[in-house]
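Everything numeric in this text was worked out from a predicted model, so none of it was measured. Letters go in sequence order (proteins before strands), and every chain restarts at 1.
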Amino acid sequence: MPEDQVEVVVGKAVYRGRKGSTVAELGISPPDEAVAFSLNGHTYDFQQGIRENGRLSWLTFQEEAGRLVFRHSGAHLLAQAVKRLWPEAQLGTGPATEEGFYYDIRLPKPLGESDLQAIEAEMQRIAAEDLPIERVELGRTEALQLFAQRQEPFKVDIIQRIPEGVPISAYRQGEFIDLCAGPHVPRTGRLKAVKLTGVSGAYWRGDEANPMLTRIYGTAYPDAEGLTQYLYRVEEAKRRDHRRLGPALGLYLFREEAPGFTFWLPKGQRLYRTLEEFSRRLQEPRGYQEVATPWIYRVGLWQQSGHWDHYRENMFVIEREDEKLGVKPMNCPGHCLLYQSAVRSYRDLPLRLAEYGPLSRFERSGTLHGLMRVRGLHQDDAHLFVREDQIAEEMRGVLELVDLVYRTFGMPYEVVLSTRPDDYLGSLEIWERAEGALQAVLEAQDKPYQIHPKDGAFYGPKLDFYAVDALGRRWQCATAQLDFQLPLQFDLTYIDRDGQPKRPVMIHRAIFGSIERFLGILVEHYGGDFPLWLAPVQVRVVPITDAQGAYAEAVAGDLRRAGLRVEVDARNQKLAYKVREAEVDKIPVLLVVGRRDVEQGTVSVRIRPDGDIGARPWPAYLAELAERARMPVG
RNA sequence: GCUGGCGUAGCUCAAUCGGUAGAGCAGCUGAUUUGUAAUCAGCAGGUUACGGGUUCGAGUCCCAUCGCCAGCUCCA
């Protein structure tokens, strides 16, 4: 094939043409729903010239890459609308995000709700105009001139940072032109359903020293139905918000007297303890030993561990008697001291130390967020001190625990391996062996995983686990990090088979992560409808009249003796009233007892979400309930 | 911490232009003894986040503080 020719394969057809031809020029007509195409792993739009051979696959809104193209065009639509309304607005950047897009813009005035509506209306107008979106290739000087003349200082800044040799392009739709690498959908009319979702501030290039721009958020869908579903999901997330739901269910509350800390109400504390108990009952049989270590140390310890250099900003520091003391944000240094307290043999390893104690982290006031980001927390933390040859086996054990836990909560999860960053510490050889070990474990388990190159901590590679909740949101919870540094810092050793001292490797791992945060995630995942074994109140017994009071107490007593958490609602109220309240309180099992039940020795069962399932003989039904309420620890 | 917004009874919300702080739910008291999502009546509940200021008069306007929300930033 001549050098100036390209050849692409689409399905079973082969197309040839001059290098740099667009799809149309090659005689390929894209399907209606396609917004772009993928060739050798790169995304292109229909106006970009094809310069390499390969197999072409169409990208639609169904594919992540297609969605990004689509949403990025949404951002341009937004920018064009803003420029029509405020010609003096200066554009920053406007990328697509997971759920939509945003554009950072310097505006002459702060935006209100009505401004958003006006912009949105203008966007819809531009979409209806169905303007063609044209790609324009520019020379560097030409680009600088164009955007300087259009009074877009941020665009000029961007162009100046584009390395020599990289082509500069812009996209034009109607009177609007924006510096952009692309790709884009072919016409504005493709953006059938757009919605602006919020405004906030954001620094230019994310730097506090730079001017603050207005960030306008929005989302776009190819049809109204997708947008409606998205808005429903947003609504549902709001309905499940743990900051509202938790206090409403009497689980916990927050007070401004203690920002970043949680007040656990009796029911919330029960939930919390149940989770902790679940963790203990999984870990004890797996060789974990629970310890408790001090929560305040002299700074010397933090200097030794390296936290003073790397984490001081996030620590609460106390000064007393001319001495500085640091409240612990992590357990690792304490566990290292425990490790040091005895001579360790290679036979003692792996040593698995678990701790659930209180940790304090100074999080900046603006970052606090319900249970998700707090200053006072607890982790289901453990440090595994292992020989290097035990890394793979121990990581396998951690993986098994993670799998067990997330399966129990009905959350699929994704695994990410983060590898050696540029500023790593330790020997290259150990790093490579450790990364190899992690990869081998994942592959041996046939677990799909992603690699984030250079995203590891400077002290070791790590596995992060992202749990996916009922609304499809991803939460980073579990983590397992190899650490070669701390054993060095604390000069930890074990006596090996050959009588020589050797350096152990540490694995920092948590399965829930922060228990506070995990509980918040569970509240939202279940929308407050906890599975029976977790529910703070599992059963509520409801006598219909005073006459069944004693019978109700007897039933409740049976339940309590069987280890269930139970309440009796003996208030003088109509049954419907008490049923409603139990539903609002999201009590999983309601046992109604009336005259007929007393006479026949039954309970009338109402279960969420099924409702009334009729009478069951008592105490025979107790066994079934107790079985269903058992903690799922195998 | 930074930018913007918000803060009225336990909760959800109202209060015209700056002119007597109000309702529902929850709570308490009483009546009602009820078979699967709200029985009726009465009572009580407030330094309008906090501290200043403007004004004859401030929930409302201004300033500062605290907290919360959306982001940014940070995240050994």
Side-chain angles (χ1 to χ4, degrees), chain A residues 97 102 104 107 109-113 197-217 238 241 243-244 247-248 250 253-260 302 305-315 328-333 361-370 373 421 425 456-460 462 476 479 481 483 485-486 489 506 508 540 542-549 570-587 590-598 602-608 610-615:
Chain A
T97 62
Y102 63 81
D104 287 346
L107 283 163
K109 59 163 208 140
L111 291 186
E113 188 56 37
T197 52
V199 244
S200 72
Y203 300 102
W204 173 238
R205 297 192 171 277
D207 186 339
E208 285 183 33
N210 288 337
M212 168 80 63
L213 309 182
T214 304
R215 177 169 293 182
I216 306 174
Y217 289 88
K238 215 153 115 194
D241 190 329
R243 291 167 300 185
R244 188 192 64 79
L253 50 88
F254 305 100
R255 299 265 315 188
E256 63 177 72
E257 284 84 346
W302 303 112
S305 68
H307 286 85
W308 198 247
D309 285 339
H310 294 283
Y311 203 67
R312 190 187 340 179
E313 293 305 303
N314 283 298
M315 285 178 63
K328 71 174 171 187
M330 297 176 198
N331 292 309
C332 18
R361 297 180 178 180
F362 181 80
E363 302 286 0
R364 298 215 268 170
S365 53
T367 64
L368 300 175
H369 184 91
R373 193 65 168 271
L425 282 181
F458 66 86
Y459 50 80
K462 62 176 180 176
Q476 201 258 299
T479 181
Q481 315 190 355
D483 187 347
Q485 284 311 305
L486 226 38
Q489 255 29 89
M506 268 176 92
H508 308 249
R540 187 177 285 174
V542 180
I544 294 176
T545 74
D546 291 352
Q548 293 88 43
R571 289 175 305 169
N572 175 10
Q573 280 290 357
K574 287 175 72 171
L575 177 61
Y577 179 91
K578 297 201 268 192
V579 165
R580 176 172 192 279
E581 199 134 301
E583 292 287 344
V584 170
D585 291 345
K586 299 180 187 287
I587 309 293
L590 198 62
L591 298 182
V592 174
V593 293
R595 186 179 47 81
R596 287 203 302 272
D597 296 289
V598 176
T602 58
V603 293
S604 297
V605 184
R606 184 184 172 101
I607 292 185
R608 277 176 72 81
D610 312 11
D612 188 354
I613 60 167

- Mind checking what makes salt bridge (Lys or Arg N to Asp or Glu O under 4.0 Å) contact with Asp241(A), not counting sequence neighbours? Arg243(A)

- From the list rG35(B), rC68(B), rA37(B), which nucleotide is the closest neighbour of the side chain of Ile544(A)? rG35(B)

- Item | Distance test, side-chain N/O of Arg243(A) to OP1/OP2 of rC69(B), below 4.0 Å | yes

- Out of rA37(B), rC68(B), rC74(B), whichever nucleotide has its closest atom nearest the side chain of Ala576(A): rA37(B)

- Task: Indicate yes or no for a side-chain donor-acceptor contact from Arg361(A) to the backbone of Asn314(A) under 3.5 Å, with no hydrogens or angles considered.
- Result: no

- Message: So Arg361(A), base contact, sugar-phosphate only, or nothing? Heavy-atom distance under 4.0 Å.
- Response: nothing

- Message: Rounding to an integer number of angstrom, what distance separates rC25(B) and rG35(B) when you compare their C1' atoms?
- Response: 26 Å

- If you check every side-chain atom of Asp597(A), which of rU33(B), rC69(B), rG35(B) has the closest atom? rG35(B)

- From the list rG67(B), rG35(B), rC75(B), which nucleotide is the closest neighbour of the side chain of Arg373(A)? rC75(B)

- Among rU36(B), rU33(B), rG7(B), the one nearest any side-chain atom of Val592(A) is rU36(B)

- Think His369(A) has a side-chain N or O under 4.0 angstrom from the OP1 or OP2 of rA70(B)? yes

- For Gly306(A) and Glu256(A), take the nucleotide of RNA chain B holding the closest heavy atom to each; which residue's nucleotide lies nearer the 5' end? Glu256(A)

- Consider the side chain of Tyr217(A), meaning its heavy atoms from C-beta on, and name the nucleotide among rC72(B), rA37(B), rG35(B) that approaches it most closely. rC72(B)

- Task: Stems involving RNA chain B: give each as a range paired with a range, ordered by first number, where a stem means at least three consecutive Watson-Crick or G-U wobble pairs under 3.5 Å.
- Result: B:1-7 with B:66-72, B:10-13 with B:22-25, B:27-31 with B:39-43, B:51-53 with B:61-63

- Message: Using the ring-ring contact (aromatic ring centres under 6.0 Å, His included) criterion, which residues pair with Tyr577(A)? Sequence neighbours excluded.
- Response: none

- The side chain to side chain donor-acceptor pair (under 3.5 Å) partners of Thr545(A) (sequence neighbours excluded) come to Gln548(A)

- Counting side-chain heavy atoms from CB outward, which of rG35(B), rC72(B), rU33(B) is closest to Thr367(A)? rC72(B)

- Message: Can you list everything that forms a side chain to side chain donor-acceptor pair (under 3.5 Å) with Glu256(A)? Sequence neighbours excluded, please.
- Response: none

- For Lys328(A), enumerate each residue passing the side chain to side chain donor-acceptor pair (under 3.5 Å) test, keeping only those at least two apart in sequence or located in another chain. Thr293(A), Asn331(A), Glu355(A)

- For nucleotides 40-46 of chain B, 5' to 3', base contacts (B), sugar-phosphate-only contacts (S) and non-contacts (-) with protein non-hydrogen atoms under 4.0 Å give -------

- Query: Listed by chain and number, what are the side chain to side chain donor-acceptor pair (under 3.5 Å) partners of Glu363(A), not counting sequence neighbours?
  - Reply: Arg373(A)

- Query: salt bridge (Lys or Arg N to Asp or Glu O under 4.0 Å) with Arg608(A): which residues, sequence neighbours excluded?
  - Reply: Asp529(A), Glu583(A)

- Item | Sugar-phosphate only, base, or nothing, as touched by Leu368(A) at under 4.0 Å among non-hydrogen atoms | sugar-phosphate

- Message: Going by the rule salt bridge (Lys or Arg N to Asp or Glu O under 4.0 Å), which residues pair with Asp597(A) if we only count those two or more places apart in sequence or in a different chain?
- Response: none

- Task: Report yes if the distance between the aromatic ring centroids of Tyr459(A) and His310(A) is under 6.0 Å, otherwise no.
- Result: no

- May I ask you to decide if Pro543(A)'s main-chain N or O and Lys578(A)'s side chain share a donor-acceptor pair within less than 3.5 Å? yes

- Residues two or more places apart in sequence or in another chain: which of them pass salt bridge (Lys or Arg N to Asp or Glu O under 4.0 Å) with Arg571(A)? Asp569(A), Glu581(A)

- Whichever of Arg580(A) and Val593(A) has its nearest RNA chain B nucleotide further upstream toward 5': Val593(A)

Identify all pairs in which a protein N or O lies below 3.5 Å from an N or O of nucleotides 25-28 of chain B, and state each distance.
unit_1, atom_1, unit_2, atom_2, d
rA26(B), OP1, Tyr577(A), OH, 3.4

- Task: With the side chain of Arg215(A) defined as its heavy atoms from C-beta on, choose the nearest nucleotide among rG67(B), rC72(B), rA37(B).
- Result: rC72(B)

